[in-house]
Structure formats: structure tokens, C-alpha cells
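One structure is given below, encoded as C-alpha cells.
All residue numbers refer to positions in the sequence shown, counting from 1.
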Amino acid sequence: MRATIKKRVFSEPDGRPVSLVYFGLALVLLSQYVYLVWILTSEDSSFFLLIMGVGFTLQGIAESRPESQRQTAGVLRLTAILVYLCSLIATVFLPGFLLG
């Protein structure tokens, strides 16, 4: 199992098409967050959109790295996984914090 995780997380970056997908998803989520919080001045906590947008941005940066920077891409992927896990833990222990 350790070899599988190492193989997947520290593999060569997938390149431009995959990074554009991640950046597009991040742009959609972050623009929804801006619309809800800044334009509508919503009292609901839309923090989940912000966290997911940051995670997708980190994944997009990881996939846009040159092929020679496998370690940097792996660290960025692990950071994105950590962001997702923290949001999951916050959802379990602080249910009203992320979902409003």
C-alpha cells in the first residue's frame, strides 16, 4: 500500500490539460464563494466552497509543474489532501462551521 501511495502521489505531473481542469473547478468554486459572501453578504458560512477552491488550486499548481519536479508536485498533492482531510474533520467535529 505504501508503494501505491508513493507511486501515485509522487508521480510525474499530468500536464496542462489536467491542470486546466483543476484551475477551472477552483475558479468556479471561488467565484461562488465571492458571490455568496461579498455580493449577497450572506450570513451563511460558505467556507466549504473556499476550502475546496484552495484544494483544487493546489492540485492545479501540482499538475502544472514541469515533469522534472516530481517532489514539488508530490508535496503540493499531499498539501491538497491535508486541506481536504482537515475540512472533513471540521465537518465531523464542527458541523455548523463549514456548511452554514
Side-chain angles (χ1 to χ4, degrees):
M1 175 146 169
R2 178 181 243 180
T4 305
I5 292 172
K6 186 176 181 181
K7 181 180 173 184
R8 178 63 189 139
V9 172
F10 290 100
S11 65
E12 291 181 356
D14 291 331
R16 187 178 195 104
V18 176
S19 69
L20 289 177
V21 169
Y22 284 128
F23 283 134
L25 288 170
L27 182 66
V28 167
L29 290 170
L30 293 173
S31 63
Q32 286 178 348
Y33 176 78
V34 167
Y35 178 74
L36 287 174
V37 174
W38 290 353
I39 296 175
L40 293 182
T41 61
S42 176
E43 294 293 325
D44 294 334
S45 176
S46 303
F47 203 60
F48 180 75
L49 295 172
L50 181 64
I51 289 175
M52 294 300 289
V54 168
F56 281 130
T57 302
L58 288 170
Q59 285 183 292
I61 293 170
E63 299 305 328
S64 66
R65 304 278 24 138
E67 291 181 4
S68 63
Q69 294 187 354
R70 290 173 49 175
Q71 295 259 318
T72 305
V75 169
L76 287 167
R77 288 180 187 133
L78 285 176
T79 306
I81 291 170
L82 182 67
V83 166
Y84 296 140
L85 284 176
C86 287
S87 69
L88 181 65
I89 290 170
T91 303
V92 170
F93 291 111
L94 305 167
F97 182 67
L98 293 177
L99 301 175

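Hydrophobic clustering, with ILVMFWY side chains joined whenever heavy atoms are under 4.5 angstrom apart, keeps Y22 apart from V75. The cluster map of Ile, Leu, Val, Met, Phe, Trp and Tyr, joined by side-chain heavy atoms under 4.5 Å apart, puts L49 and Y35 in the same cluster. The hydrophobic cluster containing L40 also contains L50, counting ILVMFWY residues as joined when their side-chain heavy atoms lie under 4.5 angstrom apart, directly or transitively. Following chains of ILVMFWY side-chain contacts shorter than 4.5 Å, one can reach F47 starting from L25, so the two form part of one hydrophobic cluster. I89 and V54 fall into different hydrophobic clusters, where Ile, Leu, Val, Met, Phe, Trp and Tyr residues are linked whenever their side-chain heavy atoms come under 4.5 Å apart, directly or through other members.
The CG atom of L58 sits 11.0 Å away from atom CD1 of I81, with the distance rounded to the nearest 0.5 Å. Rounded to the nearest 0.5 angstrom, L82 CG and S87 OG are separated by 10.0 Å.
Annotation: salt bridge (Lys or Arg N to Asp or Glu O under 4.0 Å) contacts involving residues 69-79, sequence neighbours excluded, comprise E63-R77.
Between A26 and G53, the shortest heavy-atom contact is CB-O, 3.5 Å. Of all non-hydrogen atoms in G60 and S19, the two that sit nearest each other are O-CB, 3.4 Å.
Taking R65 as the reference, nothing meets the salt bridge (charged side-chain N to carboxylate O under 4.0 Å, His left out) condition, with sequence neighbours excluded.
Counting heavy atoms from C-beta outward, Y33 and L29 have side chains that stay 4.5 Å or more apart.
Put simply, the side chain of T41 never gets that close to the backbone of W38: no donor and acceptor are under 3.5 Å apart.
Using a 30° and 60° split on the angle between ring planes, Y84 and F56 fall in the perpendicular class, above 60°.
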